[in-house]
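Residue numbers begin at 1 in each chain, while the letters A, B, ... track the order of the sequences.
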There are 2 protein chains.
Amino acid sequence: MSEAKSAESRPYHHGDLRRALVDAARRLLEAEGPSALSLRAVAREAGVSPAAPYHHFKDKAELLDAVAHEGWEMLQLAMLDAKARTQGREQLTALGISYVCFARDNPALYRVMYDAARDKEALPMDVEDANPENGNAYCMVRDTLIEHGADPSAETHLELATVAAWCAAHGLAEMAGFKQFEHLKAELGGERQFLDAVFNHMGLFPKDHDGC
Amino acid sequence: MSEAKSAESRPYHHGDLRRALVDAARRLLEAEGPSALSLRAVAREAGVSPAAPYHHFKDKAELLDAVAHEGWEMLQLAMLDAKARTQGREQLTALGISYVCFARDNPALYRVMYDAARDKEALPMDVEDANPENGNAYCMVRDTLIEHGADPSAETHLELATVAAWCAAHGLAEMAGFKQFEHLKAELGGERQFLDAVFNHMGLFPKDHDGC
DNA sequence: TTTCATATCTAAGCGCTGTACAGATGCCAT
DNA sequence: ATGGCATCTGTACAGCGCTTAGATATGAAA
């Protein structure tokens, strides 16, 4: 774990302490969970004094914001990948599945992401991929809805559909972590079947397909 | 705010300090938000020493559990009331609306409730009304689904529907607090219309009705 | 009525936290 | 070479969760 280089090898000026601090925070988060993520512990892990982080972040919340930001980038990449691996209507479900799986595989990070979001009462819409055409994860959902038949000119209705899909994914991401639903997963033959079933239960797809 | 009675009026033995501590915690939570909810602050608010709470709660988490428990009771009452005030299919939407409104009106409490749930990776299913026939809020949703046409013998499918409904409500409760959806609410003519629209977008109702 | 075990509270203190501030250090432009 | 500036250290403070030892009140037994 401990990244602290020996005193002689580490120069007084760190090089890129900001980067090192965010990395240290993510290492701690994964290893010890959210409750172990103190500013001082992060500084220790990075091998600097407790006051050093304040030259790169206004306060602890700003450090956590940086960690959360990288979380949203990771989520976006996961969703981008899931979309690329599927075709047709399955793409929307695939987006949802990849969202929930990200939350399952990075529970501490997911919590930091939404704690920050709740504090500022906003989802971070400014997270962008290297290729800005991809937009952020939220826009990806909206674009995918359009690709599969949603009417882009009905802006209000389209945004409503996007919100509904996002709600479903986030809600399911939190519920799927609860123990009382374990038996449901088992009965349905696994987690994947469970997620599919719940998503299918919610009418999130554009309503342009044949019949009911 | 401060509940600390003058030294002479307050006996050495408090009477019901446990009750007083939970009340003090809820007062603090409402007035100052979740971040101000320290054990010491609660003890101060209740007018006792910082160590006193430890005779009634194992640790801070157990105090927060007690606060959360009362939150689930309140939520249950709100949903019970919402169901009583409506009829027919509107009952399900009414349950969802009352859920989201509870989260909107008690954001700090709602956060404490789910923080505790995430920590123990389980929703508290043991919260009961004075009338135990009502069961808890989660069961209420399931029962309401049955009343409106869901097949109670298809247990797995029924539970799936309940999970989907709960996911939708929780997801929407969190999203509805975010600023970027303000304009959507405005365009739809108010919060109530927004919530209705999102719920309607998700096919959460039993599928026994006419046509598509 | 006195006695005493027990439940409840206080006082003091430990190690931790986030944050502030003064000063040391090293890089860069002059 | 020098001086300004960003960066880092050392130290300090108040507040935190929690522990321990001891004070105090209550209710049951004698």
Side-chain angles (χ1 to χ4, degrees), chain A residues 1-25 28-29 31-68 108 112 115-116 119, chain B residues 1-25 28-29 31-68 108 112 115-116 119:
Chain A
M1 161 102 65
S2 180
E3 180 74 356
K5 304 175 187 176
S6 61
E8 64 240 324
S9 78
R10 181 172 50 81
Y12 189 90
H13 281 242
H14 185 289
D16 192 354
L17 182 54
R18 181 180 219 277
R19 194 75 288 265
L21 286 169
V22 174
D23 287 344
L28 273 177
L29 200 57
E32 319 271 352
S35 65
L37 201 64
S38 72
L39 237 193
R40 293 177 100 102
V42 172
R44 266 194 308 270
E45 172 75 12
V48 296
S49 82
Y54 285 91
H55 292 272
H56 301 272
F57 301 99
K58 173 173 138 288
D59 54 15
K60 185 185 180 183
E62 205 169 279
L63 205 192
L64 293 189
D65 267 357
V67 173
V112 168
D115 280 350
D119 279 340
Chain B
M1 162 103 65
S2 179
E3 180 73 355
K5 305 174 187 174
S6 61
E8 62 238 323
S9 77
R10 181 173 49 81
Y12 189 90
H13 281 238
H14 184 287
D16 192 354
L17 183 53
R18 188 190 156 91
R19 194 74 288 263
L21 286 169
V22 175
D23 287 344
L28 272 177
L29 201 56
E32 319 273 351
S35 65
L37 202 62
S38 72
L39 240 190
R40 293 174 103 105
V42 172
R44 264 195 309 271
E45 171 75 12
V48 295
S49 81
Y54 287 92
H55 292 272
H56 301 272
F57 302 99
K58 172 174 137 287
D59 55 17
K60 186 186 179 181
E62 205 168 279
L63 205 191
L64 293 189
D65 268 357
V67 173
V112 169
D115 280 350
D119 279 340

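- Of the listed residues (B/Leu63, B/Leu39, B/Val42), just one forms a side-chain contact (heavy atoms from CB on, under 4.5 Å) with B/Phe57, and that residue is B/Leu63.
- In this structure, A/His56 does not reach the D/dA6 phosphate: none of its side-chain N or O atoms is under 4.0 Å from OP1 or OP2.
- Rounded to an integer number of Å, the gap from A/Arg44 CZ to C/dT17 C1' is 10 Å.
- Put simply, CZ on B/Arg44 and OG on B/Ser49 are 12.0 Å apart, with the number rounded to the nearest 0.5 Å.
- What separates CD of B/Glu45 from P of D/dC16 is a distance of 13 Å, to the nearest Å.
- Not one N or O on the side chain of A/Asp65 forms a donor-acceptor pair closer than 3.5 Å with the backbone of A/Ala68.
- How far NE2 of B/His56 is from CG of B/Asp16: 8.0 Å, rounded to the nearest 0.5 Å.
- Between A/Lys60 atom NZ and C/dT17 atom P the separation is 9 Å, expressed in whole Å.
- Listed nucleotides D/dC18, D/dT9, D/dC16 differ in distance to A/Ala52; the shortest reach to its side chain belongs to D/dT9.
- Both A/Arg40 and A/His55 lie close to DNA chain C; mapped to their nearest nucleotides by heavy-atom distance, the more 5′-ward contact belongs to A/Arg40.
- One atom, CG of B/Leu37, and another, C1' of D/dC16, lie 13 Å apart when rounded to the nearest Å.
- Going from atom CD of B/Glu32 over to atom P of D/dC16 covers 12 Å, rounded to whole Å.
- Looking at the side chain of A/Ala51, the nearest of the listed nucleotides C/dC21, D/dC18, C/dT17 is C/dC21.
- Residue B/Leu63 contributes atom CG, which lies 12 Å from atom C1' of D/dG17 at whole-angstrom precision.
- At D/dG10, none of the side-chain N or O atoms of A/Ser49 fall inside 4.0 Å of OP1 or OP2 (strictly under the cut-off).
- Contact of A/Arg18 with D/dT7 (side chain to base): no donor-acceptor pair of N or O atoms is detected under 3.5 Å.
- With the nearest nucleotide of DNA chain D identified for both B/Ala36 and B/Lys58, B/Ala36 has the one nearer the 5' end.
- Whole-Å rounding puts the B/Tyr54 OH to C/dC14 C1' distance at 13 Å.
- Between the CG atom of A/Leu39 and the P atom of C/dA20 there is a distance of 11 Å, rounded to whole Å.
- With A/Arg19 as reference, A/Asp23 is the one residue of A/Leu21, A/Leu17, A/Asp23 to meet the side-chain contact (heavy atoms from CB on, under 4.5 Å) rule.
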